[in-house]
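Just so you know, these numbers come straight off a predicted model, no measurement behind them. Whatever order the structure lists ligands and atoms in, that order sets their numbers, starting from 1.
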Amino acid sequence: VAAPPDGLATRVRAGDARAIARAISQIEDADSAGSGGAALIGALFPHTGRAYLVGITGVPGGGKSTLVDQLITTIRGTGLKVAVLAVDPTSPFSGGAVLGDRVRMNRHAADPGVFVRSMATRGHLGGLARTTADAALVMDAAGFDVVLIETVGVGQDEVEVAQTADATVVVLVPGTGDDVQAMKAGIMEIADVFVANKADREGIDRLVQSIEAALSLQPVVDGGWIPPVLKTEATTGHGVPELWQTLCRFRDRSETLRAERCHARAHARVRALAGELLFTRLEQALPHGAFAQAAADVVARRRDPYRAAQDLAAYVPDSSGSGAA
Ligand SMILES: Nc1nc2c(ncn2[C@@H]2O[C@H](COP(=O)(O)OP(=O)(O)OP(=O)(O)O)[C@@H](O)[C@H]2O)c(=O)[nH]1
Ligand SMILES: [Mg+2]
């Protein structure tokens, strides 16, 4: 795929903040795997793969943005450039939480080594994970060494977003039964590092113990890395340098393990994109109202749901033996 004619990719690679912002908007506006963003990603992709993508997820109000702000300070202190993607799955427009993120992180606004961007969900399945992954690629191509991706870990969509990162930090706070909620929502399984934030609050040790207890019940996977549980106080920055050190340690673990994870992630991405492309092809091939008709047939017991789905899927020609169309 050729680079877009406006040289947007070139300007992104030069680290031009306005070009980066425009590129991410273009990705957000692309409503399917086949449109707009694909050419841009095609031009940028050969220049990616350097950045360390760290997902920060956890309960609403757990202190994720405050923690991200402190992490920026710590990471900038080592000379590395940092980009932040604050993903807001709840509001399609810039709501309170996102505005809060901007305010919290704006002390870094004058620093050219920091780029902060909020993104809202587009609402369709898998869309959030895709736009997040693509926006992170833009930041990677722009030369940021670390990309911090903040999401509220409450649903499957957010778990998928977390899985686009190289490392995932799950943030919990004491005294609200959040640890139990997190286990239910399946975010325990995705954590590479646990943060027990608001360490100034009562119940912090109980929280750490309950996370460790839950961890001891899980099989040890990923080459024996047992997710460390760190105490932080994001408002003061206590524990944040240790968090960054732990993340560096996680990154430096065996090359084989990292390669395996990258492969699994690439596999999942290509699969999801291929599925999206096929579905788009199906939607284009179907006569108008075909889905509504199928639903009506199922309700009236004229067709069972399997039969209806098979009939619809048949509109995409069986490509066996036909190769590229
Ligand atoms: N006491 C205490 N308060 C904290 C700590 N960290 C963050 N907070 C406060 O918790 C509130 C929420 O912090 P945020 O950083 O906005 O939390 P968040 O997880 O990003 O919130 P959402 O993005 O809305 O889910 C703010 O009032 C913070 O000042 C901490 O370590 N101790
Ligand atoms: Mg936040």
Side-chain angles (χ1 to χ4, degrees), residues 53-75 82-109 114-121 128 132 135-136 146-162 164-165 167-182 184-188 190-191 193-208 211 229-244 246-247:
L53 274 49
V54 179
I56 315 274
T57 190
V59 295
K64 299 178 296 296
S65 299
T66 315
L67 202 61
V68 164
D69 176 68
Q70 296 283 4
L71 271 172
I72 295 172
T73 306
T74 301
I75 297 166
V82 194
V84 177
L85 265 177
V87 183
D88 184 354
T90 48
S91 75
F93 308 104
S94 297
V98 172
L99 189 63
D101 290 334
R102 290 223 182 94
V103 171
R104 230 156 267 134
M105 295 166 199
N106 76 358
R107 65 185 171 121
H108 302 287
V114 176
F115 182 90
V116 179
R117 170 69 181 230
S118 296
M119 280 206 335
T121 177
L128 192 56
T132 304
V146 182
V147 178
L148 302 174
I149 305 168
E150 180 191 335
T151 58
V152 181
V154 286
Q156 184 56 38
D157 235 16
E158 291 67 50
V159 169
E160 277 174 29
V161 170
T164 63
T168 300
V169 177
V170 170
V171 181
L172 301 171
V173 292
T176 50
D178 285 334
D179 43 334
V180 181
Q181 264 175 259
K184 279 191 194 145
I187 64 174
M188 295 297 282
I190 61 168
V193 177
F194 282 98
V195 161
N197 189 41
K198 308 202 181 183
D200 51 313
R201 291 221 181 140
E202 206 196 300
I204 188 74
D205 292 321
R206 211 171 335 116
L207 173 64
V208 172
I211 299 168
V229 186
L230 305 175
K231 283 194 253 185
T232 60
E233 193 182 334
T235 33
T236 60
H238 278 135
V240 175
E242 291 76 7
L243 171 58
W244 176 238
T246 303
L247 284 167

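The two residues Thr57 and Thr168 come nearest to each other via the heavy atoms CG2-CG2, 4.0 Å. The minimum heavy-atom distance linking Ala234 with Gln70 is given by the pair O-NE2, 3.0 Å. Here the shortest heavy-atom pairing between Lys231 and Ala199 reads CB-CB, 4.3 Å. Across every non-hydrogen atom of His108 and Val114, the tightest pair is CB-CG1, 3.8 Å.
At a cut-off of 2.8 Å, Ser65 is counted among the residues with an N, O or S atom near the Mg ion (ligand 2).
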Handout entry: Trace of the side-chain contact (heavy atoms from CB on, under 4.5 Å) decision for Arg206 with Val208
Key = CA-CA 5 Å; Arg206 211 171 335 116; Val208 172; over 6 Å; no
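Between Thr164 and Leu53 the shortest side-chain heavy-atom distance does not fall below 4.5 Å. Residues Glu202 and Pro174 form no side-chain contact, since every pair of their non-hydrogen atoms from C-beta on lies 4.5 Å or further apart.
In terms of polar-atom proximity, Asp200 is counted as a contact of ligand 1, with an N or O under 3.5 Å from an N or O of the ligand. For ligand 1, one of its N or O atoms has an N or O atom of Ala234 under 3.5 Å away. At a 3.5 angstrom cut-off on N or O pairs, Thr66 counts as close to ligand 1.
Distances from atom 12 (C) of ligand 1 to the heavy atoms of Pro174, Gly58, Gly61, Ala199 put Gly61 nearest. Considering each of Glu150, Lys64, Lys198, the one bringing a non-hydrogen atom nearest atom 8 (N) of ligand 1 is Lys198. The nearest non-hydrogen atom to atom 29 (O) of ligand 1, considering only Ile204, Thr236, Thr235, comes from Thr235.
If you look at Leu67 next to ligand 1, there are no close heavy atoms at all, none under 4.0 Å. Contacts of Asn197 with ligand 1, taken as heavy-atom pairs under 4.0 Å, involve the side chain alone.
At least one donor-acceptor pair under 3.5 Å links the side chain of Asn197 to the backbone N or O of Gly62.
For ligand 1 and Ser65, the ligand atoms under 4.0 Å from any heavy atom of the residue are 15 (O), 18 (P), 20 (O). Ligand-side atoms of ligand 1 in range of Gly63: 7 (C), 13 (O), 14 (P), 15 (O), 17 (O), 18 (P), 19 (O), range being under 4.0 angstrom from any heavy atom.
Minimum-distance N/O/S atom of Glu150 relative to the Mg ion (ligand 2): OE2.
Leu247 CG to Ile75 CD1: the interatomic distance, rounded to the nearest 0.5 Å, is 7.5 Å.
Heavy atoms of His238 stay at 4.0 angstrom or farther from ligand 1.
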